[in-house]
Amino acid sequence: MTEPTITIVPDADQVALRTAELITQTAIQAIQERGRFTLVLSGGSTPEKAYAILAEPRFADRIDWPRWELFFGDERFVPHDDPRSNAAMADRTLLSHVPIPPRNVHPIPTHLGTAQECAEAWQAQLRTQFPSLPQFDLVLLGLGDDGHTASLFPGKPALWEQSAWAVGSTPGVLPPPVDRVTLTFPVLNAARHAVFLVTGEKKADVVHKLLRQNPPISEAPAIGVQPATGTLTWLLDTAAAAKL
Ligand code: 6PG
């Protein structure tokens, strides 16, 4: 695994702008090399600004949208029109504003009886796109102040899953208190590029823990993101990086 790249920019707006540029450049390269760009979106609030910027003409006009295949790293076990849904957030900020063909957007199913059933259905859907372990071009990740990423929460069985591509999980300690569906570490660590987007002073302690203290994965799951052959980037604002 290569050493992570740590990029620190002044504020959340700059994180959003750098994220939009990174996505655009990675997409251009992926499409040149392989004819398509596979992107995994993060949920939560941090990436919202980046998604909205990506929808602006200064970026959207540079993008070959029909060559994008868009996925999600995790999802709350709620209907897709629920305001807590990561798919709803992506639609509100990005997807409803750009000409990506609907068939190229792959939301995580949340309509079955349990989160685990949804994870199994999702994996079956992924297998129609990827005959073997997916190697996504770019995986965007957030970081909870409890050290979780995607919906890989401290102390949960999902942390130890090494064969399934997706699993259901009970909630972590951070809201919203709903079950989740999440990609597992084997998929995250197969990515060509994994990027954490972290802003705000509330994240400074957990960023220090992750980047300076090498905590156990059960305590700070985000430490488990260590791409086998891909790159890992931490894109931080100065507030989140304040204790590095
Ligand atoms: C989710 C995300 C989760 C999020 C972190 C950070 O479904 O909420 O996948 O992993 O990225 O909790 O959330 P914020 O960006 O809102 O701080």
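Each ligand, and each atom within it, is numbered from 1 in the order the structure gives. The figures here come from the full heavy-atom set of this structure, side chains too, leaving out hydrogens, waters and symmetry mates.
Distances below 4.0 Å separate heavy atoms of Gly142 from the following atoms of ligand 1: 11 (O). Every atom of ligand 1 is numbered from 1 in the order shown, and the set under 4.0 Å from a heavy atom of Asp74 is 1 (C), 2 (C), 7 (O), 9 (O). Heavy-atom contacts of Asn86 reach the following atoms of ligand 1: 1 (C), 7 (O) (cutoff under 4.0 Å).
Counting heavy atoms closer than 4.0 Å to ligand 1, residue Thr46 contributes atoms from both its backbone and its side chain. At a 4.0 Å heavy-atom cut-off, ligand 1 touches Leu143 through the backbone alone. When heavy-atom distances to ligand 1 are checked against a 4.0 Å cut-off, Lys203 comes that close only through its side chain, counted from C-beta outward. Only side-chain heavy atoms of Ser42 come within less than 4.0 Å of ligand 1; its backbone N, CA, C and O stay farther off.
Within 6.0 Å of CZ in Arg36 there are more than 12 heavy atoms belonging to other residues, nucleotides or ligands. With a 6.0 Å radius and a threshold of 12 heavy atoms from other residues, nucleotides or ligands, Arg18 has its CZ atom at or below the threshold. Summarising the local packing, CD of Glu201 is surrounded by 12 or fewer heavy atoms from other residues, nucleotides or ligands at distances under 6.0 Å.
Shortest contact from atom 5 (C) of ligand 1 to any protein heavy atom: His148 NE2, 3.5 Å. With hydrogens left out, the protein atom closest to atom 8 (O) of ligand 1 is Arg76 NH2, 2.8 Å, a heavy atom. Nearest non-hydrogen protein atom to atom 13 (O) of ligand 1 is Gly44 CA, 3.9 Å. Summary of contacts: the protein heavy atom closest to atom 16 (O) of ligand 1 is Ser45 OG, 2.7 Å.
Remark: the backbone N or O of His193 is not paired with any side-chain donor or acceptor of Thr231 at under 3.5 angstrom. At least one donor-acceptor pair under 3.5 Å links the side chain of Thr184 to the backbone N or O of Trp165. At distances below 3.5 Å, not a single donor-acceptor pair connects side-chain atoms of Thr24 with backbone N or O atoms of Phe59. Of the possible polar contacts, none joining the Ser85 side chain to the Asp81 backbone as a donor-acceptor pair under 3.5 Å is found.
Within the 4.0 Å heavy-atom shell around ligand 1 one does not find Lys202. Contact annotation: Ala150 has at least one heavy atom less than 4.0 Å from an atom of ligand 1. The shortest separation from a heavy atom of Arg180 to ligand 1 is under 4.0 Å, placing the residue in contact.
Ring geometry for Phe71 versus His106: interplanar angle under 30°, hence parallel rather than tilted (30 to 60°).
With contacts defined as side-chain heavy-atom distances shorter than 4.5 Å, the pair Lys49/Thr199 does not qualify.
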